[in-house]
Amino acid sequence: MRNNIGQWPTKHIDRRTFLLAAGAGIAAASVQVSRADEPSETPLRQRAEKKGLVFGTEVNAGPLFSLKQYQDAVLRDAAMIVPENEMKWRPTQPTARQSNYFNADRIAKFAKDNMLLLRGHTAVWHQNPPAWTKDIIGSDDGQTLVLDHARELINHFRGRVMEWDVVNEAIAPEDDMPDNLRNWAPYNKGGIDFIADCFHAAREADPNANLYYNDYSVYYQNQGHRRDAILSFLEKLKSKGAPIDGFGIQSHLIANAEFDENVYRRFLSEVADLGLKIRATELDVSDVRLEPDIKLRDTIVAAHTKQYLDVLFNEPAVVGLVTWGMTDRFSWLHKGWPRKDHLRQRCLPLDDNFAKKPMWYAIADAFDHAPSR
Ligand code: G3I
C-alpha cells in the first residue's frame with residue numbers, strides 16, 4: 001500500500017510526530033518523509049489549474065460577506081465555490097408562495113464579480129424540504145412538487161451555475177427498499193424513473209449546466225455495499241436515458257478509517273466506465289477518532305488527505321476537488337459530529353485563525369503530483 005506523504009515542509013512534521021502518526025496506523029512501513037524543499041505558497045487554484053483540474057470550496061454567506069479574512073482565503077485559493085446551505089429548498093422557499101434567493105443570489109454575484117465557477121447544491125434532497133411541504137410530499141402530488149421545485153430553482157440560476165447537484169443522497173441500502181433507494185415518498189412512488197425525471201427537468205431548466213448525482217460513504221473498506229448500490233443505481237439511471245454528466249463524491253473522510261487504495265481506484269474507474277465525470281464535492285476529514293494532541297491530529301488528517309487525493313487524481317475522469325469549507329472555524333462537523341472531548345475538530349485546510357495547516361500542504365502536494373489532464 002503506497003502512502004507517500006511527500007513534500008510537506010519539515011516544520012509541519014517533526015520526527016516524533018511522524019512516528020506517532022505511523023504508530024496510529026496511518027503511515028505504513030513504506031512511508032518516506034521527503035526532505036525536499038518547502039513547497040511554495042502558490043495558491044491551490046493555480047496548482048490545480050496546471051494539471052487541468054479545478055480547486056473549489058464551499059462558502060457560507062454569513063462569514064463570506066462579513067469577515068474579510070474569510071473572503072480573502074476563498075479568493076486566494078478557490079477557482080470554484082458552492083453555497084453551503086443558501087440554495088437548499090428550506091431557505092429558498094420558506095413558504096408555499098414565497099421564494100427567497102437573497103443569499104444565494106449574493107453568492108452567485110460574488111462568483112461572477114470574481115470570475116469564480118459556481119456549483120449549485122442541491123435541487124432534490126430528502127433532508128431539506130421546508131416544513132410546509134411535509135404533507136404534500138407524502139401525497140400523490142409529492143413528485144410534482146419536488147420536480148417543480150427543481151425546475152424553478154435551476155431556472156432561477158440559468159446561465160449562472162456551471163454544475164448542479166441535481167439529486168443528493170438518494171441511496172440508502174439500510175432502508176431495504178427497491179434499487180437501494182432511500183425510503184422517501186417520491187422515491188417510493190416513482191423509483192429510479194422519478195430520479196431520471198429530475199435530471200430531465202434540470203436539463204430543461206438549464207441546458208448548459210453540468211448535471212451531477214451527489215452521494216457519500218463510498219471510500220472505506222466497510223462501505224462496499226454502498227459502492228455496489230451506487231454503481232448499479234448510476235448504471236440504471238444512465239440506461240434510462242437520464243441526462244447525467246457526473247458523480248459527485250462528497251468525501252467526508254474519517255482520519256484513521258480503513259482505506260484500501262486498490263478498492264477505491266477500481267470503484268472510480270467503474271464510475272468512469274459509465275461515461276461520467278467525477279468530482280470530490282465536499283472534502284473534509286473528521287478527527288473524532290484521534291487523540292487530542294493537535295500536531296498528531298494535523299499530521300494524520302494531512303496524511304489521510306494525501307493518500308485519498310493521490311488515488312482520486314490518478315483517475316482521468318476526475319475533474320476537481322471542492323472542500324466543505326476552507327477553515328475549521330465554520331465547519332459543520334463541530335455541531336454535526338462533535339468530538340467526545342469537546343475539542344474543536346481540525347478538519348479543513350486552514351485553522352480557526354485562517355493559518356495553513358498540514359492539510360493545506362497535503363492538498364497542494366497532491367495537485368503537484370497529479371497527472372495532467
Ligand atoms: O438557518 C437556521 C436558523 O434560522 C436557525 O435558527 C438555526 C437553529 O439551529 O438553524 C439554521 O439552520 C441550520 C442550517 O445548517 C443553516 O445554518 C440547520 O439547523 C443545520 O442543520 C444546517 O446544517 C447544514 C446541513 O447540511 C443540513 O442542511 C450544514 O450547515 C451543512 O454543512 C450540511 O451540508 C451537507 C450537505 O448539504 C450534503 N452533504 C452532507 C453535508 C454535511 O452534513
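This chain uses plain numbering: 1 for the first residue, then up along the sequence. Not measured: the values here are computed from a predicted model. Just follow the structure's listing: the first ligand is 1, and inside any ligand the first atom is 1.
Between N168 and ligand 1, a contact under 3.5 Å exists for no N or O pair. At least one N or O atom of W324, backbone or side chain, sits closer than 3.5 Å to an N or O atom of ligand 1. Polar contact with ligand 1: present for H121 (N/O pair, distance under 3.5 Å). Any N or O atom pair closer than 3.5 Å counts here, and W125 shares no such pair with ligand 1.
Here N214 has no heavy atoms under 4.0 Å from ligand 1, in either its backbone or its side chain.
Closest to atom 40 (C) of ligand 1 by heavy atom, among E282, K335, E58, E84, is E282. Among W89, F330, W332, Y216, the residue whose heavy atom lies nearest to atom 42 (C) of ligand 1 is W332. Distances from atom 35 (C) of ligand 1 to the heavy atoms of K88, Q127, E86 put K88 nearest.
Within the structure, ligand 1 lacks R90 among the residues with a heavy atom less than 4.0 angstrom away.
With respect to the salt-bridge test (charged N to carboxylate O, under 4.0 angstrom), the residues K356 and E41 qualify. Taking 4.0 Å as the cut-off between side-chain N and carboxylate O, D352 and K357 do not count as a salt-bridged pair. K236 and D179 are joined by a salt bridge, as a carboxylate oxygen and a charged side-chain nitrogen come within less than 4.0 angstrom of each other. Note on D72 versus R76: no salt bridge recorded, every NZ/NE/NH1/NH2 to OD/OE distance being 4.0 Å or above. Between D298 and R346, at least one side-chain N (NZ, or NE/NH1/NH2) sits under 4.0 Å from a carboxylate O, which counts as a salt bridge.
Protein heavy atoms all stay at least 4.0 Å away from atom 13 (C) of ligand 1. Not a single protein heavy atom sits closer than 4.0 Å to atom 1 (O) of ligand 1. Distance check for atom 20 (C) of ligand 1: every protein heavy atom is found at 4.0 Å or beyond. Note that atom 5 (C) of ligand 1 has no protein non-hydrogen atoms nearby, at separations under 4.0 angstrom. Protein heavy atoms all stay at least 4.0 Å away from atom 8 (C) of ligand 1. The nearest protein heavy atom to atom 31 (C) of ligand 1 is closer than 4.0 Å.
Taking the six-membered ring where the residue is Trp, the centroids of F157 and Y101 are separated by under 6.0 Å. For F367 and F313, the ring centers sit closer than 6.0 Å to each other.
Using cut-offs of 30° and 60° for the angle between ring planes, the W89 and W132 rings count as perpendicular. By the 30° and 60° cut-offs, the orientation of the rings of H121 relative to W125 is tilted.
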